[in-house]
Amino acid sequence: SIEAMAREFGETLFERGFTKGIFHEFKPYQATDVLLATHAVIGVVLNGELLFQFQDCLIINAAGDQFFVPANTYYQVTAGEHGAQFLIAKYKNT
């Protein structure tokens, strides 16, 4: 279930050095501009698909998949045909 995935994802965020997970929802085919991850980012897709375009590859994450974006990385995210719901957390600056 979505609730179980969200709970499992959030249980160890602080221990791993990340902020609280923040819920986001994208409409079908909604895309971001090119982003710069100044801090490492992790997340989990709760529903739908997210396509991550990096300089040299494309990664598709479906419901239940966790994703990681390293610090100092440029990327773009696009939702699949049914949109996407996901949680995302940034690495804390210590």
Side-chain angles (χ1 to χ4, degrees):
S1 77
I2 290 174
E3 292 84 10
M5 281 191 287
R7 184 177 52 252
E8 183 179 312
F9 174 73
E11 285 177 347
T12 63
L13 284 176
F14 294 115
E15 294 168 6
R16 294 187 288 167
F18 288 86
T19 61
K20 179 180 176 184
I22 298 172
F23 178 80
H24 290 278
E25 185 169 15
F26 279 11
K27 295 178 181 172
Y29 302 112
Q30 181 178 344
T32 65
D33 291 330
V34 174
L35 304 170
L36 172 61
T38 55
H39 296 83
V41 173
I42 60 171
V44 63
V45 180
L46 301 173
N47 193 13
E49 288 183 337
L50 286 178
L51 294 78
F52 285 79
Q53 178 69 52
F54 296 95
Q55 182 177 357
D56 57 355
C57 69
L58 175 69
I59 299 173
I60 300 171
N61 292 282
D65 291 344
Q66 291 195 22
F67 55 87
F68 176 77
V69 179
N72 303 312
T73 301
Y74 287 96
Y75 66 104
Q76 184 174 23
V77 182
T78 304
E81 69 177 302
H82 301 291
Q85 296 176 325
F86 58 100
L87 292 172
I88 193 165
K90 289 190 325 183
Y91 191 74
K92 291 187 227 175
N93 201 7
T94 56

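Computed from heavy atoms alone, side chains included, the values below leave out hydrogens, waters and symmetry copies. FYI, the numbering just counts along the sequence from 1. Everything numeric here is computed off the predicted structure, so don't read it as measured data.
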Same cluster (ILVMFWY, side-chain, under 4.5 Å), Val45 and Leu51: no
Partners passing ring-ring contact (aromatic ring centres under 6.0 Å, His included) against His24 (at least two apart in sequence or in another chain): Phe86
Are Phe9 and Leu50 co-members of a hydrophobic cluster defined by side-chain heavy atoms under 4.5 Å apart? no
Count I, L, V, M, F, W, Y as connected when their side-chain heavy atoms are under 4.5 Å apart, and connections chain through other members. Are Val44 and Leu35 then in the same cluster? no
When Val69 is tested against each of Val77, Val41, Ile59 for side-chain contact (heavy atoms from CB on, under 4.5 Å), which residue passes? Val41
Would a single hydrophobic cluster contain both Phe26 and Ile88, if residues Ile, Leu, Val, Met, Phe, Trp and Tyr are joined by side-chain heavy-atom contacts under 4.5 Å? yes
Can you name the residues that form a side chain to side chain donor-acceptor pair (under 3.5 Å) with Arg16, not counting sequence neighbours? Thr12
With sequence neighbours excluded, residues passing side chain to side chain contact (heavy atoms under 4.5 Å, CB included) with Ala6: Leu46, Leu87
For Gln85, what residues pass the side chain to side chain donor-acceptor pair (under 3.5 Å) criterion, not counting sequence neighbours? Glu25
Which residues share a ring-ring contact (aromatic ring centres under 6.0 Å, His included) with Phe52, sequence neighbours left out: Phe67
Do any pairs count as a side-chain hydrogen bond (donor to acceptor under 3.5 Å, both in side chains) and have a residue in residues 29-45, sequence neighbours left out, and if so which ones? none
Can you name the nearest heavy-atom pair linking Ala84 to Glu49, along with the distance? CB-O, 3.4 Å
Do Phe54 and Val34 belong to the same hydrophobic cluster, where Ile, Leu, Val, Met, Phe, Trp and Tyr are linked whenever their side-chain heavy atoms lie under 4.5 Å apart, directly or via other members? no
Can you list every pair that meets side-chain hydrogen bond (donor to acceptor under 3.5 Å, both in side chains) and has a residue in residues 57-81, with sequence neighbours left out? none
